[in-house]
Each structure stands twice: as C-alpha cells, then as structure tokens.
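If you're wondering where the values come from, they're calculated on a predicted model, not measured in any experiment. Residue numbers run from 1 in the order of the sequence given.
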Amino acid sequence: METTYYGLTIPQIIAITVGLIVIITIYVVIKDKINRKKAMSGGDRETVWNILQRAVPNVDQYTRAYGCWEWTTYQGKKSTTSYWFYGLAFNKERLYVVPLSCEGGDISYSNAFCIEKKDVAIVNSKKGTAWVELYDMHQKELLSVSVLPENLNDDKFHPVNIIQSDEARAFEAWKDAWMDEINTANNVEVTGKMKKPVKVQKI
C-alpha cells in the first residue's frame, strides 16, 4: 500500500507541485511581457514627465527621470520596508525633486523641492551604480534615490512601468560628476555604503 498524505500519494503530490510551478512560471512570464509592453508604450513615463513639466520651472533646461528608493529597518526580528517614488529633473547646478504618490494605479504629486549643488557637502555612492545619497555639511541627509533603467509594475511596491535607459545613463554620469567635484572640494572620502557616508572625517 502506498503512503498517502491527506489522501494523496507521493506521485500525486509531486504532479500537483510541478503543475503549480508551471502555472506560476507562466503567470510571471505573461505578466512580465504585459508590463514591458506597457513600459514601451510610455504611458507612465509620459505621466511623470508631464508632472515635471508642471512642477519644475524651465524644465526643458534639465534631464528628466523617474527615481525610487526603498529601505528596510530592523527592530528585533521585525523588519519594515519603506518605499519612496520621485520625479527628478537635474542639471550641472541643481536637482529638482517631485515626490510622487502611486495609489490605485494613479500617479499624483506633491510640492517640488530643489537641491542646489552649493548646498551639498557629501555625495555618497559608488562609480557605476544607480543610487546616490546627498548630505549637507552637518551630514544631514537631503535625499537618497536610485534611477534604474527598467522599472516594472511587479507589485504594489513597484507601481510603474517605465523604461528609461538614456535617462539612467545620464543620471549616473551626473551623479559621478557631482561626487567627484563636491567630495574633492570638501576633502571627503565616502564609504560607498548606504547610510554610512564618510569613513573618518567630518566636515
């Protein structure tokens, strides 16, 4: 007599498990294709770009991009992950930041704020990466953000379909330029580790 679990034999359990894996895989592949198609259509990208058009003065003088950030904090065994979404407009001298809210499929925004290069004392990042942390001279965080070439609506915590390869490359070059100029001017050696900006010295 075959051993059964909850009335099912081992071969039946294996068959059901394999079937579920196949179904989940097909679902993931189909969803990915749908999200990529939506991203290529540019609907979410156009929405963010239009928000920046309304929120940023003389926006044509800036490169536009979609930015995001997520950070996990731990308290004992409990962890909490927070998510932020931004419209960004940047040039050599300043960065405009427009906080975004993505609820129920709609993208809304709140008041933009501007970070001037002259007010940034520490640029923490690594060359060739998509993320950056900006701090003032007191090591107060001004902004943490990533600009990724590909953003797909995988779940409610990743709510947009935006492909922005050119913008991501432009942001990386902008970030690296600020990192070289600002950190050199302030004699700062950054760690390249998130939330731990400088190695020893304070400015």
Side-chain angles (χ1 to χ4, degrees), residues 38-71 82-125 127 129-153 157-186 188 190 194-195 197 203:
K38 289 180 178 178
M40 294 303 294
S41 74
D44 288 343
R45 184 179 186 274
E46 183 178 1
T47 298
V48 174
W49 266 231
N50 287 339
I51 286 172
L52 288 165
Q53 186 77 36
R54 294 191 294 269
V56 176
N58 302 312
V59 73
D60 292 338
Q61 299 176 12
Y62 300 82
T63 300
R64 283 177 268 195
Y66 168 76
C68 58
W69 188 257
E70 60 184 77
W71 188 253
S82 300
Y83 300 84
W84 296 266
F85 315 109
Y86 302 108
L88 304 174
F90 54 93
N91 65 16
K92 290 182 179 180
E93 298 303 321
R94 61 189 57 85
L95 166 68
Y96 276 96
V97 184
V98 184
L100 302 176
S101 177
C102 306
E103 298 291 339
D106 295 324
I107 303 175
S108 58
Y109 67 102
S110 52
N111 292 337
F113 61 93
C114 181
I115 300 175
E116 300 278 354
K117 182 167 67 174
K118 62 183 177 62
D119 296 325
V120 179
I122 304 168
V123 181
N124 186 36
S125 184
K127 294 291 182 68
T129 61
W131 65 273
V132 67
E133 297 172 346
L134 304 178
Y135 295 85
D136 68 11
M137 64 181 299
H138 304 294
Q139 295 192 29
K140 177 184 177 182
E141 184 179 327
L142 301 172
L143 179 71
S144 294
V145 69
S146 296
V147 173
L148 305 173
E150 184 177 280
N151 304 269
L152 297 180
N153 184 2
F157 304 115
H158 303 89
V160 300
N161 291 304
I162 294 176
I163 292 177
Q164 50 176 6
S165 300
D166 292 342
E167 292 82 0
R169 282 192 293 269
F171 181 82
E172 184 179 319
W174 169 88
K175 176 263 296 181
D176 287 350
W178 270 33
M179 186 163 61
D180 287 340
E181 184 176 345
I182 292 171
N183 292 346
T184 300
N186 291 305
V188 170
V190 295
M194 295 177 181
K195 306 304 179 185
I203 59 174

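Here the side chains of L52 and Y62 are not in contact, with every heavy-atom distance at 4.5 Å or above. The closest side-chain heavy-atom distance from W131 to N124 is below 4.5 Å. The shortest distance between side-chain heavy atoms of V97 and L88 falls below 4.5 Å. The shortest distance between side-chain heavy atoms of F171 and S146 does not fall below 4.5 Å. K175 places a side-chain heavy atom less than 4.5 Å from the side chain of T129. Residues V123 and V132 form a side-chain contact, since some pair of their non-hydrogen atoms from C-beta on lies under 4.5 Å apart.
Separation of atoms CH2 (W174) and CE (M179) is listed at 11.0 Å; rounding is to 0.5 Å. Here CG of L100 is found 10.0 Å from OG1 of T47. Values are rounded to the nearest 0.5 Å. Summarising the geometry, atom CG belonging to D136 is positioned 8.0 Å from atom CD1 belonging to I122; distances are rounded to the nearest 0.5 Å. Once rounded to the nearest 0.5 Å, the distance linking OH of Y86 with SG of C68 reads 10.0 Å. Taken from OH in Y66 to CD1 in I51, the straight-line distance is 11.0 Å, to the nearest 0.5 Å. Rounding to the nearest 0.5 Å gives a distance of 9.5 Å between CH2 of W84 and CH2 of W71.
Residues satisfying the salt bridge (charged side-chain N to carboxylate O under 4.0 Å, His left out) test with R54, not counting sequence neighbours, are none. Partners of E167 under the salt bridge (charged side-chain N to carboxylate O under 4.0 Å, His left out) rule, at least two apart in sequence or in another chain, are R45. Partners of E181 according to the salt bridge (charged side-chain N to carboxylate O under 4.0 Å, His left out) rule, which considers only residues two or more places apart in sequence or in another chain, are K117. For Y83, the side chain to side chain contact (heavy atoms under 4.5 Å, CB included) test picks out E70, T81, F85, F157, H158, with sequence neighbours left out. Partners of A170 under the side chain to side chain contact (heavy atoms under 4.5 Å, CB included) rule, at least two apart in sequence or in another chain, are T63, F90. The salt bridge (charged side-chain N to carboxylate O under 4.0 Å, His left out) search around E103 returns none, not counting sequence neighbours.
The nearest pair of heavy atoms linking S125 to V190 is O-CG2, 4.2 Å. Of all the heavy atoms in P159 and D44, the pair that sits closest is O-OD2, 4.4 Å. When every heavy atom of V98 is checked against every heavy atom of A112, the shortest pair comes out as CG2-CB, 3.7 Å. Between V147 and A65, the shortest heavy-atom contact is CG1-CB, 4.0 Å.
A donor-acceptor pair is defined here as one N or O able to donate and one able to accept, closer than 3.5 Å; such a pair exists between the side chain of Q164 and the backbone of L148. Side-chain N or O atoms of N161 include one that pairs as donor or acceptor with a backbone N or O of N153 at under 3.5 Å. Proximity of a side-chain donor or acceptor of N151 to a complementary backbone N or O of V160 within less than 3.5 Å is not detected.
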**Prompt:** Where do R64 and Q53 land on the side chain to side chain donor-acceptor pair (under 3.5 Å) test, with the steps shown first?
**Reply:** CA-CA 9 Å; R64 283 177 268 195; Q53 186 77 36; 3.1 Å; yes

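Heavy-atom neighbours of K92 NZ from other residues, nucleotides or ligands within 6.0 Å: at or below the threshold of 12.
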